[in-house]
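One structure is given below, encoded as structure tokens.
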Amino acid sequence: MSALLIVGGDHLGKIKKRLEHVGVEEIIHVSGRKARMSQKEIPSHVNLVLVLTDYINHEFSTAIKKKANKQAIPVCYSKRSWCSIHQSLEKAIFLNIKTRLK
């Protein structure tokens, strides 16, 4: 996976290093704290959007989901723990590969 957009959470801490270790080349992080952030478009080179559910409000999450669907970018949801993030990414990648095979 070349580019991942993470939405939610103020700081990623060690999550960035772990994502790089599993093959994510570019990590774009948006905290979602400012209302204007929901007006920005998702960069066209992003392969997947990861929403950290325990650090984002429902309205912002809905706005990101609509933008991702409009651009045909898959969205996965996770808590901020590495275990939960890793499971969500594996599931999203598996579903994406399965869809391509059809």
Side-chain angles (χ1 to χ4, degrees):
M1 177 185 319
S2 60
L4 172 68
L5 173 65
I6 301 176
V7 181
D10 292 329
H11 304 285
L12 296 178
K14 294 181 181 182
I15 293 172
K16 273 189 167 185
K17 292 283 184 200
R18 290 186 177 200
L19 287 169
E20 290 169 356
H21 183 70
V22 296
V24 178
E25 296 170 12
E26 182 181 1
I27 301 164
I28 304 165
H29 178 239
V30 177
S31 68
R33 291 279 186 187
K34 296 180 182 176
R36 280 188 271 147
M37 288 181 182
S38 65
Q39 297 171 357
K40 291 185 178 182
E41 289 298 317
I42 298 171
S44 61
H45 67 284
V46 169
N47 302 95
L48 180 68
V49 176
L50 173 64
V51 178
L52 300 178
T53 57
D54 40 356
Y55 291 96
I56 191 168
N57 68 42
H58 185 73
E59 182 179 324
F60 192 74
S61 177
T62 302
I64 289 295
K65 181 179 177 182
K66 285 180 182 178
K67 288 180 186 213
N69 286 337
K70 183 179 176 183
Q71 293 178 244
I73 301 171
V75 180
C76 63
Y77 301 89
S78 171
K79 292 183 180 181
R80 193 177 174 276
S81 72
W82 173 247
C83 182
S84 181
I85 290 170
H86 193 259
Q87 286 177 348
S88 293
L89 291 177
E90 283 183 332
K91 184 178 177 182
I93 291 167
F94 174 76
L95 291 175
N96 193 19
I97 291 170
K98 194 174 179 182
T99 304
R100 287 183 190 171
L101 294 175
K102 288 184 178 181

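Note that the structure is a prediction, hence the values are computed from the model and not measured.
Taking Glu20 as the reference, Lys17, Ile27 meet the side-chain contact (heavy atoms from CB on, under 4.5 Å) condition, with sequence neighbours excluded. Every residue was checked against the side chain to side chain donor-acceptor pair (under 3.5 Å) condition with Asn69, not counting sequence neighbours, and none meets it. Remark: His11 pairs with no residue by the side chain to side chain donor-acceptor pair (under 3.5 Å) rule, at least two apart or across chains. Listed by chain and residue number, Ser78 satisfy the side chain to side chain donor-acceptor pair (under 3.5 Å) test with Ser84 (two or more places apart in sequence, or in another chain). Checked against side chain to side chain donor-acceptor pair (under 3.5 Å), Ser88 has no partners two or more places apart in sequence or in another chain. The side-chain contact (heavy atoms from CB on, under 4.5 Å) search around His45 returns Ala3, Glu26, Ile28, Pro43, not counting sequence neighbours.
Every pair passing salt bridge (Lys or Arg N to Asp or Glu O under 4.0 Å) that includes a residue from residues 4-13 is listed here, sequence neighbours excluded: Asp10-Arg33. The ring pair (Phe, Tyr, Trp, His ring centres under 6.0 Å) analysis of residues 63-92, with sequence neighbours excluded, yields the pairs Trp82-His86.
In terms of heavy atoms, Ile56 sits closest to Ser61 at CD1-N, 4.0 Å.
Contact of the Lys66 side chain with the Thr62 side chain is registered, since non-hydrogen atoms from C-beta on lie closer than 4.5 Å.
Distance check, rounded to the nearest 0.5 Å: CG of Leu52 to CD1 of Ile15 gives 6.5 Å.
Each of Ile6, Leu4, Val7, Val30 was scored for a side chain to side chain contact (heavy atoms under 4.5 Å, CB included) with Val49, with one residue passing: Val7.
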